[in-house]
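The structure under discussion appears below in the form of structure tokens.
Lettering of chains follows the sequences in order, A, B, ..., and the numbering in each one begins at 1.
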Protein chains: 2
Amino acid sequence: MTAEPTEPPSQTVYRLLRRAIIEQALRPGARLPEDAIGEQFGVSRTVVRQALGRLEAEGLVETRRNRGAFVAEPTLEEANQIFEMRHVLEREVIERLVKRISVIGLDSLEAHVVQEERVRGKNGPVSIRLAGEFHTLLAELSGNTVLARYVAELVSRCSLILAMYSRKHSSDCAVDEHRQIIQALRDRDPAKARRIMDEHLGAVAGRAELAEEKEDDLEAVLARYGREMTA
Amino acid sequence: MTAEPTEPPSQTVYRLLRRAIIEQALRPGARLPEDAIGEQFGVSRTVVRQALGRLEAEGLVETRRNRGAFVAEPTLEEANQIFEMRHVLEREVIERLVKRISVIGLDSLEAHVVQEERVRGKNGPVSIRLAGEFHTLLAELSGNTVLARYVAELVSRCSLILAMYSRKHSSDCAVDEHRQIIQALRDRDPAKARRIMDEHLGAVAGRAELAEEKEDDLEAVLARYGREMTA
DNA sequence: TCAAAAATTATTGTATACGATTTTATCATG
DNA sequence: CATGATAAAATCGTATACAATAATTTTTGA
């Protein structure tokens, strides 16, 4: 039996915090004190710090000197730039996939959409995450890992933006649009694929309105997300 | 007088290591032991670790579990993907600049090329860095900070690739090509600008051949780059 | 002499300790 | 009562200590 190399704790913390942010359990502006997080996850500040550092590099977290880390609050200008770049990169993804996506690739997209359908309307946070992961999966199928990494980063930052500037994350329509994208790829129709992706991203970006603030209960959130760690 | 907030030590270490890698004073595969670096810079392993973490996130450094950090050694496949993405993004940069670059922007590009000319042939490492920074400057002038960040990252990773796969970093020709790019932007000629950028990047990518290994003297390099820190 | 096992060394991974900085609370004073 | 100074608390930034792991060397037995 191969001795599976266990994941380093900093990565676990990183992963869980990231998911909590993307699923909007931790909302923009929320404080992220090192000792509170470390205590919940049963690790020292050292490893929490590493995780926060990575999240900061990805733009999901902002840290202020001697003040600590906070879930990032992108300005409207940043939000526009992020959407712009996402658009540029996802267009590139589609262009590549229309040319050379494999049957296996199409199947994995189908499988993902089926998953999305399954949680449709049931679980808000999870459906938010799955909707984003559809785009990440597309980018991965492009075969260029750099492109995939950038898209993943931008998609996750978009979750943050929607949390700030849209009233509700109505991802119901998204599933149908995702199906349309798959169909266009299957048809090998570049114009159609590009048009649908443009519309889809436009729809996502269009949900930008102002939303009211809502306080988080950090401990409760961490307890929920930390279960995986202590178990 | 405004009390200038002094740079955190981890960022200094990050900056100096980054420059050492980009200027090829630390070559791909070189070991980066935490205590040796910390001793040279007069800081603890804690801050060295932070710097190495950031460099890893950018793809300039690879760390192997319980083995330590090394200057990254991109494979040929990774190298191709990086060049591809750089091409995609820089094309986007040019497209935007042709439309809306300001006179001030053009001036700053001119000023940079003058600098490049000044060190032409004199100092290898510095001219390598300046050649890259021309592209970073272009991306910054696009006004999209995300785009600028990605281009900066890719440009620096290209230095690494050239260090591995090209015999010599003959950046002499680059200065002229940079001038041509500026001219095309001045003329607001999209087709020409794009063609020149394509040729330029093709020329850069074309220098990919196999190079012999060469051992580094870590201490000497760090002493050189660390002067700025201890002073 | 060679190979395998054991011991040694070197280096990383994590926790903890302590000083520094910022924020908050307290209190005196106009 | 407002306000500014001072003290207290909370939190971060960095150094250091120790445990864990991997690499290296030495030892041992055939």
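- Between B:Leu109 and the choices B:Ile104, B:Val114, B:Leu141, the side-chain contact (heavy atoms from CB on, under 4.5 Å) rule is met once, by B:Leu141.
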Response to the item:
In B/S/- notation (B base, S sugar-phosphate only, - none; protein heavy atoms under 4.0 Å), nucleotides 14-20 of chain D written 5' to 3' is SBBB---
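- Ring-plane geometry between B:Tyr150 and A:Tyr150 is classed as parallel, the angle between the planes falling under 30 degrees on a 0 to 90 degree scale with a further cut at 60.
- Screening A:Leu60, A:Val13, A:Val61, A:Leu26 against A:Arg18 for a side-chain contact (heavy atoms from CB on, under 4.5 Å) leaves a single residue, A:Leu60.
- Residue A:Leu89 holds its CG atom at 11.5 Å from CZ of A:Arg149, rounded to the nearest 0.5 Å.
- Comparing atom distances between the A:Arg67 side chain and each of D:dA23, C:dT23, C:dT12 picks out C:dT23 as nearest.
- Between A:Asp35 atom CG and C:dA17 atom C1' there is a gap of 14 Å when expressed in whole angstrom units.
- With rounding to whole Å, A:Glu39 atom CD is found 14 Å from D:dT11 atom C1'.
- Rounded to an integer number of Å, the gap from CZ of B:Arg64 to C1' of D:dT21 is 15 Å.
- Aromatic ring pairs are classed by plane angle as parallel below 30°, tilted from 30° to 60° and perpendicular above 60°; the pair B:Phe134 and B:His178 is parallel.
- Heavy-atom neighbours of B:Gln11 CD from other residues, nucleotides or ligands within 6.0 Å: above the threshold of 12.
- Rounded to whole Å, the distance from CG on A:Leu32 to C1' on D:dC12 is 14 Å.
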